[in-house]
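Note that the structure is predicted; figures quoted are calculated from it, not measured.
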Amino acid sequence: MPTIDCSVYIRIFNDTERTLGNCRTTVPDRDKGAWNDCKRLEIPPRQEGYLSLNETAWYTGTEGSFSFDIGWPKDPKSGLYQLQATVIDAYNGTNEIWPAVPGPQALFKLICAAHVSNKLELRDAVQPAGHPVYLQCRLTYERTKRYKWQLLEITASSAHPVRNSHFKLIVRNHTLWDYAEPERYRDKDRGSLQPNVYAYRFGSPVYSHSLLKVKVVAIDRELVGAEAYLYGTHNGNRVIESDKFTIFQHPVTVDAHVVVPVAMKHPFSLNGDIEWNMQLAESLQGTERQGEGITRLELYWVGLTLHRALRRYVPIDILRNVIPSSDVKVEARNTPWNQMKTSEVWEKFHKRYDTTYGAMHLVTQAGGAAYFGVHAQGGNFNEHLYLEDDGLKYPLVNCMDQAAMLEIACSFDRIFPLTAWIYQSPFGYVKKTRLVGIKNQDGTYIDVNNPFFGTDVKMANLYHDSPDRLPFGCHVYNGNCTPLTLDQDGIYDACSGPHLGIETLPEYLDQAIDRDTILYQVHPDILFESGTIANAWETQGITRINNNPLPFASWRSRTLPPLPEVLSRLVNTTVPNTVGPLTHVGWAHLPIWLSTTLGDAWNVQYEQVTVGEIEAHGLWIISNDNTPNSHIHVQVDVFSVTGPDGHFDVGKSTAVVKDEIGQILESVQRPCVWMSCTLPGLGGASLRYADHGGTGRIILVAGNAIMDIRGMNSYEELLPYALKLFGRTFRSDLELLNDSPPVIPALQIKGIRTETDTSGLTTLREAEAEQGIITVTGIGTRFSMIFTVSCKIAVANAGSEEHGILFDRYIIEKLDNGEGCTVEFLFIACEVGRHRVRVCVADSETLIGGNSDLEVEVVDA
């Protein structure tokens, strides 16, 4: 047998949103090797795959080629987009690789690196001698080059005849602009000689009554085959957008529509210069326009029928003097209560924006960090910690904390609907503004256009295009009501501004986001586009306070906004694709073992352990009595999703864990914060904050548990403590590792108790409990359900689906045999009718949850 391995080992990273499939391989003859069985190999988005070319004869080397269709199998054009390469590992010849650039080149980029043995990697080349060859191919989006295109023509169809200022009749289909004579149709500074009138049903979407036909052509052939959008801006605001279209070698006519304003209740107009741009649909990469691209358009929206005197034609001077511009300010809808609460949340609670990370913090003025529990889409809010000591104990916040406090504060004025929770990603570089609590020593607010300036106030407000500026990667704010009406409801922002409901969403974005800086092009790796109405997501908002999970979770029906590309890649490459065995246990007993793990000086300042339908949650804030500002925040979430059979559902639990990790990652406003890391000997996947200073943070995902530890002043300072905590809870014994999937705690109803008189005597009704339907007489009646549980538990919870039964508290008692326990859940009847009640418990060691449902019939006394 040969002693030299002449194989080629290939690793392919797929950084796109398409699946690589339909793998095809060739070799010139059988003596030049054989490919491993890779015909069925598919590489999903944001994942990687492997294939190899192995020698079949002694010392003959290997030679072959491979290709994948990009977009397999759903994309009908997948055969047009291919990843291809040819490789040679010749025993007596020269090692070579020939990667083929996948098309369209404006969309895709193939980066290849090869090496032999342990020698240094070379880009698109390989050492001429040596064996075996290791080839890495990374298919990604082209984000550096901008390819050229040209605007040719704009046409429209006028619903009503118009006579222009030259008394020419404009009717039906006509040309608004032509590249051959770009100034031909301009009517000096008054508008256009080719105005267009749309018949508009007031209050309906303007998008549906504003069709423009725009003809474009690709100048650079690299654009051919790519899909793109056209958009037009007026005074820096995007007002026109096209449908998605495919770029061909010949000119293409595209349907475009006016998107701002969204809807109007009266006639309006758009009369001004429109600057046209093109953006590739999949990569969101910009392009370069060649030739004239600023066109004068004069567009009007009037009623479906006109006055009888105007049916032959409408004189343009009447339109220009009577129909107002869409830029005319329409007063945003707001309420005095919401405005007052925004001002209070801005100033009353002594909060200060975190200019290091923009993360939700529980940070003392010099030390460690912890969440107030809010995610970018809302969810939980630890109001108790936010308000502790009038807000002074934990002063640092970000936009999500402020939006949470504002939503709760505004909710007491229910004359108006609940405020909207709006999550914007990406947001962008900010125009000069004020951030909550960021003041000079004299107490006056400072101007900020670089929100993550750390502690150096001189860096807070920089030159417009300074490379040191950093954007908001995302941002959260509130709308006047839900569902939000884009062109009517005001926006409230108690983090930046503040904004008091004076502006509608389009106006707020125009006022808050700096769209003119070149930094989007200079640093696309940080942020390559600014926020628009299209990526402002109205999400669930606050669903619970103080980490009290819901017995009836809404996770099944939630639609989450897509993760930013860089975070999606990090989740998919870091978090396992299936839930493995739970290897970290005993967190519920942290107060007991803390001093033996970190030292006698360590104690628990705050503890919170809760359970809901699909998750158990633990939160501890610990500190060292001998070391000032030594706070460490420990948060553990264990997800247990059961299937119809009542057993642990691996697939759904995996999806929930990945969703939760994604929400954690996107709940930090500063971009480029996260990175993967390795914690040796602990199992699972781990993430950490990059070294920006300010605080350390480490996340470990093991099985269906997410463990999040943060605090101190850096990752290096936090790491020794985190490793001790993780090491204390790590279990590697075979019995535990083989216990997969996890065992769900089993609950069995034992009976119920109800009050019979004022002395508090109770009766046990076991027969009724066995039927699964419990009858309670009278509103305000207190009763309890007693369950036996198959294991010792750390925490319990209960509730009814529609709040007709109010859960009071629970009592845990150990069984005499020590194998399990009993739990008594105490309730109050609040509404007549039949109510579904769910009780939940979490295992004392693993925090794996289990639950049981019963029907309670409340009848009149």
Side-chain angles (χ1 to χ4, degrees), residues 202-203 205-206 235-239 259-266 268 324-348 376-378 398-425 427-428 430-436 445 472 474-515 530-542:
F202 300 120
V206 173
N235 294 333
N237 304 317
R238 186 180 295 201
V239 295
V259 294
V260 176
V262 177
M264 295 289 278
K265 294 184 177 180
H266 53 74
F268 67 98
S325 167
S326 61
D327 294 333
V328 172
K329 174 69 176 176
V330 178
E331 186 173 341
R333 184 166 55 185
N334 53 54
T335 65
W337 174 265
N338 291 351
Q339 290 180 317
M340 178 175 64
K341 294 300 111 178
T342 304
S343 297
E344 287 184 1
V345 173
W346 172 263
E347 198 68 54
K348 181 177 180 179
Q377 285 96 41
N398 84 337
C399 62
M400 297 155 207
D401 302 313
Q402 293 295 88
M405 188 66 233
L406 183 57
E407 178 178 315
I408 296 298
C410 292
S411 68
F412 291 97
D413 181 22
R414 290 312 300 272
I415 297 175
F416 212 74
L418 194 67
T419 55
W421 180 282
I422 304 173
Y423 163 61
Q424 181 107 37
S425 178
F427 192 76
V430 298
K431 291 181 179 178
K432 187 165 61 176
T433 187
R434 298 183 299 170
L435 297 176
V436 58
Y445 279 93
F472 279 163
C474 64
H475 192 46
V476 171
Y477 44 90
N478 306 87
N480 192 56
C481 69
T482 182
L484 188 78
T485 303
L486 295 180
D487 62 338
Q488 296 181 29
D489 286 314
I491 298 299
Y492 305 99
D493 189 340
C495 175
S496 172
H499 294 265
L500 302 177
I502 305 302
E503 311 101 347
T504 62
L505 179 58
E507 294 167 337
Y508 166 80
L509 296 180
D510 289 341
Q511 187 173 114
I513 299 176
D514 181 357
R515 295 190 171 103
S530 60
T532 65
I533 295 174
N535 49 44
W537 302 81
E538 186 175 346
T539 61
Q540 62 180 353
I542 299 304

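Of all the heavy atoms in C474 and M400, the pair that sits closest is SG-CE, 3.8 Å. Contact detail for P506 and I533: the closest heavy-atom pair is CG-CD1, 3.6 Å. Summarising the geometry of I513 relative to G428, their closest heavy-atom pair is CG2-CA, 4.4 Å, with the distance given to 0.1 Å. In terms of heavy atoms, G203 sits closest to A263 at O-CB, 3.8 Å. Nearest heavy atom pair, residue H499 against residue G497, reads CD2-CA, 3.9 Å. Nearest heavy atoms, G501 versus N334: O-ND2, 2.8 Å.
Remark: K348 NZ to K341 NZ distance equals 6.0 Å, nearest 0.5 Å. To the nearest 0.5 Å, atom CG of residue D489 and atom OG1 of residue T335 are 10.0 Å apart. In this structure, the separation between CG on L406 and SG on C399 is 12.0 Å, given to the nearest 0.5 Å. The distance from the CD atom of Q540 to the OH atom of Y423 is 13.0 Å, given to the nearest 0.5 Å. Expressed to the nearest 0.5 Å, how far CG of N237 lies from CG of L509 amounts to 9.5 Å. Interatomic distance, CD1 of I491 versus OH of Y477, reported as 6.0 Å (0.5 Å rounding).
Below 30°, between 30° and 60°, or above 60°: for F472 and H475 the angle between ring planes is below 30°, a parallel geometry. Ring-plane geometry between Y508 and F427 is classed as tilted, the angle between the planes lying from 30 to 60 degrees on a 0 to 90 degree scale.
Residues C495 and N398 are not in side-chain contact: their nearest non-hydrogen atoms beyond the backbone lie 4.5 Å or more apart. The shortest distance between side-chain heavy atoms of R515 and D510 falls below 4.5 Å. Between Q402 and V476 the shortest side-chain heavy-atom distance does not fall below 4.5 Å. Residues E407 and W421 meet the side-chain proximity criterion, which asks for heavy atoms closer than 4.5 Å. K265 is listed as a side-chain neighbour of Q488, based on a closest heavy-atom distance under 4.5 Å. With a 4.5 Å cut-off on side-chain heavy atoms, R434 and P498 count as touching. Residues L484 and L505 form a side-chain contact, since some pair of their non-hydrogen atoms from C-beta on lies under 4.5 Å apart. In this structure, the side chains of Q424 and N535 come closer than 4.5 Å at one or more pairs of heavy atoms.
The salt bridge (charged side-chain N to carboxylate O under 4.0 Å, His left out) search around R238 returns E241, not counting sequence neighbours. Residues meeting the side-chain hydrogen bond (donor to acceptor under 3.5 Å, both in side chains) test with E347, sequence neighbours left out: K439, Y445. The side-chain hydrogen bond (donor to acceptor under 3.5 Å, both in side chains) check on T485 picks up nothing, with sequence neighbours excluded.
Between D493 and S496, the side chains place no donor N or O within less than 3.5 Å of an acceptor N or O (distance only, hydrogens not considered).
Here the side chain of W337 pairs no donor or acceptor atom with the backbone of S411 at under 3.5 angstrom.
Using a 4.0 Å cut-off between a side-chain N of Lys or Arg and a carboxylate O of Asp or Glu, D514 and K431 do not qualify as a salt bridge.
Among T419, N478, T342, N480, the single residue meeting the side chain to side chain donor-acceptor pair (under 3.5 Å) criterion with Y492 is N480.
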